[in-house]
Amino acid sequence: MHETLSPRIEALLAELPGIEAETDPVLVRLKSRDFYWYSPVLKPQLDGKRGEVVIRPRDEAQVLEVLAACVRHRIPVVPRGGGTGNYGQAVPLEGGVILDMTAMEKILSFEGGITEVEAGATLMQVDAWARQQGWELRLWPSTKRTATVGGFVGGGGAGVGGIAHGTLREPGNLAGVTIATMEDRPRLQELAWGKAAAVNHCFGTTGVITRVRLPLAPAMAWRDIAVSFADFASAAAFGLALGMADGIAKKMCAVIDWPLPSFFKGLAELLPEGRPVVLAMVAPCAMGAVADLVAAHGGEIEAEQDFAAAEAAAELTPFYEFTWNHTTLQVLKRDKGVTYLQCLFPAGRTLETVAAIRDRFVDELWMHTEVARFGGQVTMSALPVVRWTTRERLWEIIAACEAEGVAVANPHVYTLEEGARWKLVGADRLAFKHAVDPHGLLNPGKMTSFTPRAGQEAAE
Ligand SMILES: Cc1cc2nc3c(=O)[nH]c(=O)nc-3n(C[C@H](O)[C@H](O)[C@H](O)COP(=O)(O)OP(=O)(O)OC[C@H]3O[C@@H](n4cnc5c(N)ncnc54)[C@H](O)[C@@H]3O)c2cc1C
């Protein structure tokens, strides 16, 4: 159904015969959204924002063709993967084209422990393929089933595997990307290793990622375990000790305060009332050592399953789908009056700082931390669930966290600058943006410190 398309979109589509395009307003609206509604602050700001057409290229040649036509018409382009981002990263602020990358999902090669995949492949597809070769993804977001590799690079970067490998920003976790530029003559550009930082967590403002190269890890038949504790302090101490136990191979360790586990459908039934839990993925050969560590911290193993079997079975849930930002989702399914924060606790003072924040806001914040490595040190990041009252109160909690030395990546703002710890986009990224998107047509409004140089302003 072609409703009232603007003349510029009519003209654009006339130049792109043979490339899949969707203009049905209902579908375009659906593909204009992500999970920004987690934030009661962002919801009213982004609710009406939408693109004008969804274009779904099937290969790099089509990506270049679409971008070239959009540059000619000065039409904004927002790349999109699974649309699972949390801060309106994939929401078009200025209309234009939503570039749906999900038709580009091929696994291209595997050599020397590195796989090259098209950006629209889901992390689930890539992990499943890797496992058949005896390898696995080092890192995946808890949205593994629907999130794409390109979206993980463009909008995410932490998750399951972080306890062993750190974040995607850690040198060595991203071998490179290929991007399509938004210059007058769009072209493909390869960014290897450290150079890929120019697109890492840039919300698609610095090029359309067409391919991603990921170093893999040897596959492991991970065991999901749920361990309960009498109090949060014991659970947190166990979590950190597991993170630091170098002889125990592990993939994940989340520390989750009560009552959050009571929201976990399918798992809550197996857990005792009132006790905080640790959900972890550990190597089968480490189960004996884990049992010792559990006993030393006064915990009880309440549930155990094979993670891969749980991932494959419709009636089961792998435990990672109760962790990272799935914890918040599990609560939101039953209680719409909550939201969340994203914190990083200082290494060396992890447990004290977690306790200080938890104790101070005990009436309105349910603590949930993820044990992870950052820059070679084991600490905890956190996605605490927060009872929503007002923006002012949320900002007060953020300020109190920062005063304790906790870094907060504010998930209630949609620009790169406001969400960043230093409230700016680095000069190198800004320079890269000028080079690859001189007219500022890629996801405009998300990198606010960028202004096109004279003569390169976008039309309209
Ligand atoms: C329940 C829940 C749990 C989550 N857990 C995690 C987690 O554990 N770890 C984590 O890091 N995140 C997490 N997230 C956020 C999100 O799921 C991830 O960041 C995910 O990797 C995004 O992938 P996507 O394909 O859905 O990206 P999208 O939402 O489609 O896009 C994200 C951003 O990347 C850009 N982008 C997408 N594709 C491309 C491309 N090909 N080229 C250039 N830019 C592109 C988009 O423009 C957008 O700015 C979670 C979100 C939810 C709702």
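Indexing begins at 1, ligand by ligand and atom by atom, following the structure's order. Positions are given from 1, in the same order as the sequence printed here.
Backbone and side-chain nitrogen or oxygen atoms of M101 are examined, and none is located within less than 3.5 angstrom of a nitrogen or oxygen of ligand 1. Taking only nitrogen or oxygen atoms, main chain and side chain alike, T143 reaches within less than 3.5 Å of ligand 1. Considering backbone and side-chain N/O atoms, A158 comes within less than 3.5 Å of an N/O atom of ligand 1.
With hydrogens left out, the protein atom closest to atom 13 (C) of ligand 1 is P141 CB, 4.0 Å, a heavy atom. Among protein heavy atoms, atom 1 (C) of ligand 1 sits closest to Y38 OH, 3.2 Å. Remark: minimum distance from atom 45 (C) of ligand 1 to any protein heavy atom is reached at P79 CB, 3.6 Å.
For the ligand labelled ligand 1, residue W140 lies outside the 4.0 Å heavy-atom shell. Residue C202 places every heavy atom at 4.0 Å or more from ligand 1.
For the atom pair CD (Q189) and CD1 (I179), the distance works out to 5.0 Å, reported to the nearest 0.5 Å.
A ring-centre distance under 6.0 Å is found for F264 and F322.
Using a 30° and 60° split on the angle between ring planes, H412 and W395 fall in the tilted class, from 30° to 60°.
For ligand 1, the atoms closer than 4.0 angstrom to any heavy atom of A119 are 41 (N). For ligand 1 and N86, the ligand atoms under 4.0 Å from any heavy atom of the residue are 14 (N), 15 (C), 50 (C), 51 (C), 52 (C), 53 (C).
Only one option out of V41, T339, L341, L42 pairs with P411 in a side chain to side chain contact (heavy atoms under 4.5 Å, CB included); it is L341.
At a threshold of 4.5 Å between non-hydrogen side-chain atoms, the residues Y38 and L329 count as touching.
A donor-acceptor pair under 3.5 Å is formed between the side chain of Q133 and the backbone N or O of W129.
Comparing heavy-atom distances from atom 24 (P) of ligand 1 across G150, G156, G82, S142 singles out G82 as nearest.
When all heavy atoms of I98 and P92 are compared, the pair lying nearest together is CG1-CG, 3.9 Å.
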